[in-house]
Each structure stands twice: as structure tokens, then as C-alpha cells.
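One structure is given below, encoded as C-alpha cells.
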Amino acid sequence: MTEHSPLLGGLTPARFLADHWQKKPLLVRNALPGFTTPISPDELAGLACEEEVESRIVLERDGPQPWALETGPFDEDRFAQLPETHWTLLVQECNKYLPELAALLESFNFIPNWRIDDVMVSYAPEHGSVGPHMDQYDVFLIQGLGRRRWQISTEPVADDNVIPGIDLRIMRDFQATDDWVLAPGDMLYLPPGVAHYGVALEDCMTFSVGFRTPTVSELLTGFLDEVASGLDDRQRYHDPDLPLQSHPGEITAGARTRVRRIIRDALADDAAIDHWFGRYMTESKSGQCAAPPAQPLSADAFLQQLQATGGLWRSEYARFSFIDDGGDEITLFVDGQAWPVPRALAAPVARLCDRRRLGPGDFDEALQDAAFIQLLSRLYNAGYIEWPQKDGT
Ligand code: SIN
Ligand code: CO
């Protein structure tokens, strides 16, 4: 991404990160000049009828109670029965289904891609909204169709400021500190915890680039589960040097030290934490996997086809990241698995992780390296990389 891009309203990515990221909202008019929705409201409704697609409808009125939540997949008939106004359809992970939205994520490459979650697309007729609320993650809200009025509040939100008895966390009391109308191409960045309330002024589609922020609880339970699963029942607390205690009822300092040491030793291995984290952050949250190609290819056949095709795309069903800890190998993480790679391939592997779409020129002399072609062909045979889609933009 170029410095001073319109995406960030003339800010450099470094300035945006320093002043706004996780700190304060940013409204950017015409952030994506000419951006129009690559999917129509009807097509979005079609996606919401698919079994593997995660979707929701929020009904402010006409449900069993105000702010009713329905979860997909939906029957086509459901859309014919919806009221004229006051509802929203939200579809998660649309970057998987629309190459244009996968390409849109590349504009956010100034943030590490293991932090990026997905592009959610919403459609709402006039007055449609999901109510005033706050999210625990950063989001870029891009207007793609029609106008939406966004009100936000930068005041802290009390834990009990929530409408009771509904399936959604919607604020009972919302006082806006800022108020804007966004038109197609405009974008609003919100850090976690900033209350926001978007209402469609007319047929409206919003594209939300959302981020993954693991909770401390997820980090601890995830890593400790893995450590614990590698242990067996014979590894346990032992005390062959047990001294005679004056109070059998006491848990002594000696016992406490021993327990603390067991727990701290289990957490002490930095390389094990890094390895687990790389796999954890590249795992698919939905459990949906990349589809392997019908015809697996040998390394030679893969290279021939790469040269003929002129490029390759990463599958949106697989997340890619790498760790370079300065050793002889770097570790490529794809879809929750670790692939150790010789340091000589660090540059092309980094490029593979940095970009979703690559041409043979992006790999330069690495295409002469049998180990790299072997790696690419294994990734291809697993469905993690694929040939460019002809109509993809
Ligand atoms: C929407 O697109 O209607 C909701 C997005 C959000 O508030 O996070
Ligand atoms: Co939100």
C-alpha cells in the first residue's frame, strides 16, 4: 500500500497505527473511490440460504420481541416474508465467497494478516439496524450501497447498559458523541469498545473488515490444553523427600513451591508457545477446510502449470503466516499446521504469506529451487493455493 493513501484519509499507515489503531475512531470520506458492492442484496440473501454460510437476521420490529435474532441458513421464503423496513441481514466471511472481497483485504495489509478475521457483509432496507452496541474487536466499516447514518459514542459503556431479555447485546441507553452519514466508498474505523449505531437511510450494504483478538482466557486455555494433552498420568506431583509436618492440615511452603514450579515449567518453553500460537492463529474458526484439487500434481507438473497459468492465488479457506526466529529454519503456518522451511526460502515464503495473489515473477529465482517447488506443490495438493479464477478482479 502506498504512503498517504486515500484509504486512510491521507494518513500514512504508520500514522494511522500510532494515532488511531486500538485508540480512536477515524472517519474517511471516499476511502475507496468508486467502491461499489460486488454482490447484490438478492445474491447476499442467496448466500444466507447456503448450509455452510454463517448468517443472521436482526429484526427491530415484527419479530416475537423487539430486536429478535434469527440465525441462518434461511429458506428462500423467509426473505419474501420480511417487513419493508427495520431489519438487517448479516453474512460472515464473505471474502471466502467473493474474490473481490478477498482482494479488498489486501488494502489492509498494513495490519498483520493473522489479526484480520473476515469481511462481513450486511444488507438493510430503510431504518434497518442492529441497534446501538459495542464490539470487542477493531472494525473498518465500509459503505458499499446506499447511505447509512452512523452515530458513535466514545464514552465508556457500563456493563449493565444492555437491554435485558434478548439474544443480542444492545445498549439500553445510547448518547451519540459523533454523527455522520456515510455514502458508498466512505469508511469508518472503530477501535474495540466504541459504541456505535448504524441506521440505513435507504437500501444499504455495509462491508465490515473485522479483526481477530484472542482473549487472554483463549490463549491460556488453548496453550495449556495442548501442553496437558502431551503429558501422561505418570507425570504427576511427587514428593519422595516429604518431611514430617507439625500440622498435617497445612499445605506447606515446600509443597507450594513444587506446584508453582510444575506450572511455571509448563509455560516456560517460548518456542512451544510460538509454535502453538502460529498454528492457533491460522486455524479456521468455522472449521471449514480448503478443498484439495480433483487432480493432485507432482512438483514438475505443478511448476509447468504455474508457468503456463502465470500466477497463483491463496485459498481464502486457509490462513497463512510465518515465524522467523533467526534459526536455520523459518516456520510457515497454514490452516493450523506448521511447515518448517529452510532459511534459504525465507523471502519467497514471506511473499506467499504477505500476498493473496502472486505471479511467477514474485518468486524470482526461488522457482529454480526444487525444495520451494516441492513446498508449493504440497500446498497446492492440500488445496491451500490454487490457480487464479478467470473472472476474479
Ligand atoms: C451492520 O453492518 O449493520 C453492523 C455492523 C456493526 O455494527 O458492527
Ligand atoms: Co458493531
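We count ligands from 1, going down the list as the structure has it; atoms in each ligand are counted the same way. Owing to the predicted nature of the structure, the values given are computational and were not obtained by experimental measurement.
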- Item | Residue H133 vicinity, atoms of ligand 1 by number, heavy atom under 4.0 Å | 6 (C), 7 (O), 8 (O)
- shortest atom 1 (C) of ligand 1-to-protein heavy-atom contact is with S122 OG, 3.5 Å
- Query: Which atom, among the N/O/S set of H133, is closest to the Co ion (ligand 2)?
  - Reply: NE2
- Query: F320 ring centre to R314 NZ or CZ under 6.0 Å, with the angle to the axis within 45°?
  - Reply: yes
- Note on the structure: W150 heavy atoms within 4.0 Å reach ligand 1 at atoms 7 (O)
- Does the side chain of D118 pick up a donor-acceptor pair with the side chain of Q92 at under 3.5 Å? yes
- Go through the side-chain N and O atoms of D138 and Y189 and say whether any donor and acceptor fall under 3.5 Å apart. yes
- Item | Pair E316-N95, side-chain donor/acceptor within less than 3.5 Å | yes
- Y317 side chain to D335 side chain, donor-acceptor N/O pair below 3.5 angstrom: no
- Which part of F207 is near ligand 1, with near meaning a heavy atom under 4.0 Å away: side chain, backbone, both or neither? neither
- Query: For the Co ion (ligand 2), which N, O or S atom of D135 is at the shortest distance?
  - Reply: OD2
- Message: Regarding R148 and T206, do their side chains bring together a donor and an acceptor under 3.5 Å, going by distance alone?
- Response: yes
- Message: Do K96 and S286 pair up side chain to side chain, a donor and an acceptor below 3.5 Å, judged on atom types alone?
- Response: yes
- Query: Got the closest protein heavy atom to atom 4 (C) of ligand 1, with its distance?
  - Reply: V130 CG2, 3.9 Å
- Query: Taking both backbone and side-chain atoms of H196, is any N or O found less than 3.5 Å from an N or O belonging to ligand 1?
  - Reply: yes
- Using a strict cut-off of 4.0 Å, indicate which atoms of ligand 1 neighbour a heavy atom of R148. 3 (O)
- Out of L188, V199, V58, D135, the nearest non-hydrogen contact to atom 8 (O) of ligand 1 is supplied by D135
